[in-house]
Amino acid sequence: MKISMQSGQLVVPDSVDIPFIEGDGTGPDIWSASRVVFDAAVKKAFGGRKKVNWVELLAGEKAVANGKELLPSETLEQIKSHFVAIKGPLTTPVGTGFRSINVTLRQELDLYACVRPVKWFKGVPAPVKSPQDVNIVIFRENTEDVYAGLEWQSGSEKAQKLVSFLNGELGCKLASDAAIGIKPMTKRNSQRLVRAALKYAVANKRRSVTLVHKGNIMKYTEGAFKDWGYSVATSEFGGEIVTESAVVASGASSAGKILINDRIADNMFQQMLLRPSEYDVIATPNLNGDYLSDAAAAQVGGLGIAPGGNINYETGFAVFEATHGSAPKYAGQDKVNPGSVILSGAMLFEYLGWSSVAKLIESAMEEAIVSKKVTYDFHRQIEGATLLKCSEFAGEIANNVEKS
């Protein structure tokens with residue numbers, strides 16, 4: 001049965017149909033491994049009272065191999081009718097006219113919040129001294145900024161027209177052969193992103209929400225993001241928040257309230273390395289969020305175990321995904337770490353209200369890592385570790401679920 005929406009809330013049947021997209025490259029390997037874990041966790045949590053019926057959708061290379069477009073319209077419609085989906089990595093060639101399927105999915109479904117929880121799992125090798133201090137959730141605006149896809153190639157007719165207009169009408173001084181990209185940012189989209197971050201912080205009793213921007217240079221786009229963010233915080237969450245400026249200027253107490261502050265993007269990268277424990281929930285525009293979420297993930301073991309979800313909290317549509325690339329050179333080798341998809345699945349189950357399933361998945365994966373039974377990426381960094389294939393690592397996690 002399909003999920004439905006009633007009074008703004010998802011209604012999840014006990015036997016629920018959930019679409020999946022295998023992904024390209026290593027996608028089939030990590031999806032099949034992850035599914036073993038998901039099914040084991042659902043069975044353990046509910047003892048057969050609830051179950052998932054996995055429904056395959058086509059996108060990327062597999063869609064083309066079946067005579068379809070890279071992102072078939074029926075795939076989009078199926079996600080809409082089911083409300084949620086989970087996917088492996090899809091390949092995006094660099095420097096060609098091929099548009100990212102991931103970006104298209106986000107824009108077509110208006111999945112305005114890219115939610116990336118970043119925390120350390122015990123036993124994971126990390127390049128920093130105190131990875132346990134990292135426990136943040138990044139809310140990245142997902143539909144506009146430079147990722148809106150509004151750009152024109154150097155020397156093209158449209159680029160030359162735009163250069164001519166900018167130089168002639170607005171007094172710019174652009175070279176005639178300039179490539180042009182436009183960075184749109186709107187009040188509506190910025191505020192709904194910050195609103196989602198604030199609601200998450202309130203619901204999960206987090207300590208702070210930090211607006212990360214480059215408003216000192218891009219004053220009318222990223223600077224506006226900061227201003228719009230503070231506006232929605234003070235007007236809609238006034239009784240639940242306190243601004244850092246109020247604490248500093250007048251000694252306002254932050255006890256029992258969520259602290260709202262902001263940081264300039266380049267400084268935030270330094271802050272994440274030097275004082276990560278001071279940051280909790282982050283809300284930021286698209287490009288900043290892309291860089292920051294990957295950089296934060298590197299501090300706790302890398303993208304191999306970094307989950308992500310693309311969510312529209314208004315419509316209920318959500319697509320959860322591996323945050324790493326498709327790694328085609330490892331395709332079919334049963335080698336890579338399936339952790340990113342596995343933890344994205346935990347996010348999916350949490351989103352559906354099946355939090356017991358999510359907790360089982362996370363604790364079972366941590367147990368596998370602590371026991372040093374890991375895939376090659378961790379094996380080469382952990383002394384005395386046992387090397388497992390992708391499928392074997394998933395099997396180890398599933399065994400931990402069953403005996404928990």
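In this text, all values refer to a predicted model and were calculated from it rather than measured experimentally.
By the side chain to side chain donor-acceptor pair (under 3.5 Å) test, Asp227 is found to be paired with no residue, residues two or more places apart in sequence or in another chain being considered. Remark: Tyr112 engages no residue in a ring-ring contact (aromatic ring centres under 6.0 Å, His included) (not counting sequence neighbours). Taking the ring-ring contact (aromatic ring centres under 6.0 Å, His included) definition, one finds that Phe378 meets it with nothing, sequence neighbours left out. Evaluation of the side chain to side chain donor-acceptor pair (under 3.5 Å) rule for His379 yields no partner, not counting sequence neighbours. Applying the ring-ring contact (aromatic ring centres under 6.0 Å, His included) criterion to Phe20, with sequence neighbours excluded, gives Trp31. Applying the side chain to side chain donor-acceptor pair (under 3.5 Å) test to Ser363 and every residue at least two apart in sequence or in another chain returns nothing.
Leu388 places none of its side-chain heavy atoms less than 4.5 Å from the side chain of Val374. Taking 4.5 Å as the limit, some side-chain heavy atom of Gln299 sits within range of a side-chain heavy atom of Met272. Two residues are said to be in side-chain contact when any heavy atoms from C-beta on lie closer than 4.5 Å; Asp262 and Thr210 fail this criterion.
Ring pair Phe349/Trp354 is parallel by interplanar angle, where below 30° counts as parallel and above 60° as perpendicular. In this structure, Tyr376 and Tyr330 have tilted ring planes: the angle between them lies in the 30° to 60° band.
The side chain to side chain donor-acceptor pair (under 3.5 Å) analysis of residues 63-77, with sequence neighbours excluded, yields the pairs Lys68-Glu74.
Side chains of Ser154 and Asp177: no donor on one and acceptor on the other come within 3.5 Å. Side-chain atoms of Gln270 and Asn267 form a donor-acceptor pair, as typed in the model, at a separation below 3.5 Å. Side chain to side chain, Arg195 and Gln191 fail the donor-acceptor criterion of an N or O pair below 3.5 Å.
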Could you give the side-chain donor-acceptor pairs of residues 119-138 under 3.5 Å, partners two or more places apart or in another chain?
residue: Lys119; atom: NZ; partner: Glu362; partner atom: OE1; Å: 3.0
residue: Trp120; atom: NE1; partner: Val124; partner atom: O; Å: 2.9

Using residues 301-311 as the side-chain source, report each donor-acceptor pair under 3.5 Å to any protein atom, sequence neighbours left out, with the distance given to one decimal.
residue: Asn310; atom: OD1; partner: Arg106; partner atom: NE; Å: 3.2
residue: Asn310; atom: OD1; partner: Asn142; partner atom: ND2; Å: 2.9
residue: Asn310; atom: ND2; partner: Val319; partner atom: O; Å: 3.3
residue: Asn310; atom: ND2; partner: Glu321; partner atom: OE2; Å: 3.0

Under 3.5 Å, sequence neighbours excluded: what are the donor-acceptor pairs made by side chains of residues 54-62?
residue: Trp54; atom: NE1; partner: Asp39; partner atom: OD1; Å: 2.9
residue: Glu56; atom: OE2; partner: Lys62; partner atom: NZ; Å: 2.7
residue: Lys62; atom: NZ; partner: Glu22; partner atom: OE1; Å: 3.1

Identify each donor-acceptor pair in which a side-chain atom of residues 280-289 lies under 3.5 Å from a protein atom, sequence neighbours left out, and give them as a table.
residue: Asp280; atom: OD1; partner: Arg206; partner atom: NE; Å: 2.5
residue: Asp280; atom: OD1; partner: Arg206; partner atom: NH2; Å: 2.7
residue: Asp280; atom: OD2; partner: Arg207; partner atom: N; Å: 2.4
residue: Thr284; atom: OG1; partner: Val212; partner atom: O; Å: 2.8
residue: Asn286; atom: OD1; partner: Arg140; partner atom: NE; Å: 2.8
residue: Asn286; atom: OD1; partner: Arg140; partner atom: NH2; Å: 2.9
residue: Asn286; atom: ND2; partner: Glu141; partner atom: O; Å: 3.3
residue: Asn286; atom: ND2; partner: Glu144; partner atom: O; Å: 3.2
residue: Asn288; atom: ND2; partner: Glu222; partner atom: OE1; Å: 2.8

Determine all donor-acceptor pairs shorter than 3.5 Å in which one atom belongs to a side chain in residues 1-16; sequence neighbours excluded.
residue: Lys2; atom: NZ; partner: Ser81; partner atom: OG; Å: 3.3
residue: Ser15; atom: OG; partner: Asn53; partner atom: ND2; Å: 3.0

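Of all non-hydrogen atoms in Lys226 and Leu211, the two that sit nearest each other are O-CD1, 3.6 Å.
At least one donor-acceptor pair under 3.5 Å links the side chain of Lys372 to the backbone N or O of Glu383.
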Item to complete: Show your working on salt bridge (Lys or Arg N to Asp or Glu O under 4.0 Å) between Arg116 and Asp294 and close with a plain yes or no.
Response: CA-CA 9 Å; Arg116 296 277 296 271; Asp294 281 15; 3.1 Å; yes

